Protein chains: 2
Amino acid sequence: MLIDPKHLHILSAIVDAGGMSQGARDLGKSQPSLSRIVADLEARLGESLFEKGRRPLQPTELCTRLASEGRVIARATQQAQDIASQFISGHAGSVRVAGTPIFMDGVISTIIAGFQDEFPELRVDQSYGYAEELIEALRAGTVDTCVCPMEPGDVPDDIGFQRILKGRNVIACGSAHPLARKKSLRLEEISEFPWITQPAGSPLYQDLRDVLDSIGISDFKVSYSGGTLSSIINVLAGSKALTVLPFSVVYMQPKNTIVALPIRIEHPKRELGMLWNDMESQSPAKRRFIRYMTKRFAGISQAVAERQRQEIWRE
Amino acid sequence: MLIDPKHLHILSAIVDAGGMSQGARDLGKSQPSLSRIVADLEARLGESLFEKGRRPLQPTELCTRLASEGRVIARATQQAQDIASQFISGHAGSVRVAGTPIFMDGVISTIIAGFQDEFPELRVDQSYGYAEELIEALRAGTVDTCVCPMEPGDVPDDIGFQRILKGRNVIACGSAHPLARKKSLRLEEISEFPWITQPAGSPLYQDLRDVLDSIGISDFKVSYSGGTLSSIINVLAGSKALTVLPFSVVYMQPKNTIVALPIRIEHPKRELGMLWNDMESQSPAKRRFIRYMTKRFAGISQAVAERQRQEIWRE
DNA sequence: CAAATAATATAGCATAATGCTATGTTAATT
DNA sequence: AATTAACATAGCATTATGCTATATTATTTG
């Protein structure tokens with residue numbers, strides 16, 4: 001003898017409308033439909049829900065109480081409806097993004113801000129990691145998409161990859177650094193300064209080694225390591241240390257914090273890209289996030305390249 | 001493209017049970033039934049509700065949100081269920097009782113206390129009136145049952161009537177009254193005292209007139225009128241005034257407040273009874289109230305009569 | 001890695017619920 | 001008494017829901 005929540009909803013609609021005909025109109029149903037549902041309910045409860053023989057339909061005490069539960073049900077159902085349509089349109093939901101620390105802090109977080117400005121109902125859960133862990137997390141389903149510098153050839157077949165920025169590193173220093181104002185530099189000039197490094201397993205650490213190798217510096221002094229980007233920038237800005245950073249990260253910083261030295265260094269073979277596991281099974285919000293990212297970077301990528309040409313390569 | 005609240009309920013049951021099979025067991029349904037409902041919902045939403053190809057069934061984010069609405073619906077439906085069964089068993093609801101002021105205050109309210117002690121979820125709304133208004137209120141449906149002294153022959157055909165107490169009036173005074181200790185009285189002895197009267201339209205006012213007429217007092221002094229029972233008792237207790245009251249009212253008062261004088265007076269032709277309009281359409285709570293009343297009075301009626309025989313009629 | 005296990009998905013069918021229109025009744029109003 | 005507007009009922013078509021039997025499949029076990 002179970003009550004169907006739909007019937008309670010209908011009951012509340014009738015009570016609130018003050019009659020069956022109006023209630024039927026409100027619900028987009030026919031009047032006989034409601035009439036029968038009320039009659040069935042009355043039969044099953046063994047109690048009348050409306051005073052018989054009164055024309056402005058008058059709900060029984062029991063009916064009033066059931067109707068108030070019906071209102072709760074109506075609200076919850078509507079809420080579910082809204083959630084579903086918001087979700088389906090990609091305007092609600094959440095995205096779990098992971099990525100390498102420097103890029104996440106230095107570039108992606110700013111883009112995420114723009115994304116959240118446009119889609120305020122979407123929640124972003126951010127976490128950090130390097131390539132292998134990221135791919136593992138994607139496969140385990142603990143993150144939805146990753147931002148990571150990768151060599152396109154190294155991306156496993158089951159993982160989707162979309163390039164968003166070319167890999168372009170620079171040597172960066174604080175804007176008050178003695179080398180910061182020089183228009184051209186010789187390699188010898190930089191060898192006297194200490195270096196800030198990333199953790200040993202990170203791509204940027206490898207990049208730093210490669211750069212210094214290529215310009216003949218095999219023995220270098222590390223003055224600071226282990227900090228996240230904000231610490232690194234503070235240390236750069238307040239000391240004479242140098243470091244290797246993606247130009248895009250330097251580019252996204254506010255003026256007068258850090259600058260890129262006008263020294264050509266090798267491109268890393270990696271390109272920054274977005275990774276995902278199975279685009280088809282992603283929720284609309286997650287697809288929307290990936291779409292937004294690749295679209296925004298289409299513009300940023302050009303702007304960054306252009307600026308870098310002007311500032312460092314001076315072509 | 002409306003969502004059925006029942007489906008949300010089912011969804012929440014599946015999520016909470018951690019799988020369809022257990023969810024089906026919890027709901028008392030078959031597993032294929034739930035499986036199909038989930039599949040239909042997914043088809044209609046165009047979004048999957050459980051991660052595909054994972055065996056400990058893992059709800060999608062959308063699913064989790066819909067399930068939480070489903071929980072609201074489940075709770076409200078259960079609540080409605082409880083309300084209905086409480087109501088149907090007569091353990092919940094309300095009764096609107098009206099009656100003549102002296103009886104309501106002097107007798108019925110005490111019985112109502114006992115009723116509420118036994119059925120604490122039942123609400124009683126009390127109001128006051130005399131016969132004609134009471135019957136009118138019954139017909140208008142603004143009260144459910146009335147307690148009123150009536151001549152059984154005067155009850156309209158469409159109104160139900162159940163006798164609960166015979167009409168037995170006494171002359172009452174405060175327990176400190178000079179006449180209170182006398183074992184027998186002559187009529188002349190009472191003629192010197194002033195009288196407390198009910199409103200002119202009330203049965204007890206008529207009874208008072210009849211009593212005094214019958215013992216040859218045509219001209220009597222009214223010292224107080226218009227108060228409800230508590231006022232009347234206070235005035236009786238603190239003055240030498242007399243009044244006519246139903247013996248049942250005197251009987252129900254605490255000792256040492258008012259007493260009945262040992263003078264036989266005429267029985268009013270009215271009998272105290274309960275009135276109702278259409279017993280069939282009454283809710284169980286209201287029927288229960290009427291049943292309780294008539295049952296309680298079956299006992300009280302005898303006790304009152306017995307006491308009255310001892311105290312006044314001394315047979 | 002194959003077999004076993006337990007869960008979910010699908011198929012097929014019977015029944016119940018729901019929808020509608022047409023029409024009958026009835027309470028309130030004119 | 002006639003009119004009106006609302007509710008109730010009947011009849012029929014469609015959809016939803018229930019079940020059992022069975023196929024698939026993810027996970028666990030040997």
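Lettering of chains follows the sequences in order, A, B, ..., and the numbering in each one begins at 1. Note that this is a predicted model, so its numbers are computed, not measured.
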- Is there any ring pair (Phe, Tyr, Trp, His ring centres under 6.0 Å) pair reaching into residues 56-77 of chain B, and which pairs are they, with sequence neighbours excluded? none
- Message: Between P on dA16(D) and CG on Leu41(B), what's the gap in Å once rounded to a whole number?
- Response: 12 Å
- Query: If we ignore angles and hydrogens, is there a donor and acceptor under 3.5 Å between the side chains of Gln78(B) and Arg75(B)?
  - Reply: no
- Task: Could you state the atom-to-atom distance from CG of Leu2(B) to C1' of dA16(D) in whole Å?
- Result: 15 Å
- Message: According to side-chain hydrogen bond (donor to acceptor under 3.5 Å, both in side chains), does anything in residues 46-55 of chain A pair up with another residue at least two apart or in another chain? List the pairs.
- Response: none
- Mind checking salt bridge (Lys or Arg N to Asp or Glu O under 4.0 Å) for Arg71(B) and listing every partner two or more places apart, or none if nothing turns up? Asp16(B)
- Query: What bend angle does the helix from dC1(C)-dG30(D) to dT30(C)-dA1(D) show across its length, from five-pair end axes and to the nearest 10 degrees?
  - Reply: 30°
- To the nearest Å, how far apart are Met20(B) CE and dG18(D) P? 14 Å
- Task: Return the set of residues passing side chain to side chain donor-acceptor pair (under 3.5 Å) with Asp278(A) (not counting sequence neighbours), or none when no residue passes.
- Result: Ser281(A)
- Checking salt bridge (Lys or Arg N to Asp or Glu O under 4.0 Å) for the pair Arg270(A)/Asp154(A): CA distance, chi angles, key distance, verdict? CA-CA 10 Å; Arg270(A) 301 180 201 82; Asp154(A) 288 351; over 6 Å; no
- From CZ of Arg25(B) across to P of dA7(C) the rounded distance in Å is 6 Å
- Item | side chain to side chain donor-acceptor pair (under 3.5 Å) involving Lys6(B) - partner list, sequence neighbours excluded | Asp4(A)
Under-3.5 Å N/O pairs linking protein and nucleotides 28-30 of chain C:
{"from": "dA28(C)", "atom 1": "OP1", "to": "Arg55(A)", "atom 2": "N", "distance (Å)": "3.4"}

- Task: Mark up nucleotides 14-20 of chain C, 5' to 3', with B wherever a protein heavy atom is under 4.0 angstrom from a base atom, S wherever such an atom reaches only the sugar-phosphate, and - elsewhere.
- Result: ----BBB
- Sequence neighbours left out, what passes salt bridge (Lys or Arg N to Asp or Glu O under 4.0 Å) with Arg291(B)? Give chain and number order. none
- Separation of dA7(C) atom C1' from Gln22(B) atom CD, nearest Å, is 12 Å
- Item | All ring-ring contact (aromatic ring centres under 6.0 Å, His included) counterparts of Phe119(A), not counting sequence neighbours | His91(A), Phe115(A)
- Whole angstrom value for the distance that separates C1' of dT26(C) from CD of Glu51(A): 17 Å
- Task: From the options dA8(D), dA6(D), dT8(C), select the nucleotide whose nearest atom is closest to the side chain of Ser21(B).
- Result: dT8(C)
- Query: Considering residues at least two apart in sequence or located in another chain, which fulfil the side chain to side chain donor-acceptor pair (under 3.5 Å) criterion with Thr294(A)?
  - Reply: none
- Query: Partners of Tyr292(A) by side chain to side chain donor-acceptor pair (under 3.5 Å), sequence neighbours excluded?
  - Reply: Arg296(A)
- Message: Between C1' on dC7(D) and CG on Leu57(A), what's the gap in Å once rounded to a whole number?
- Response: 8 Å
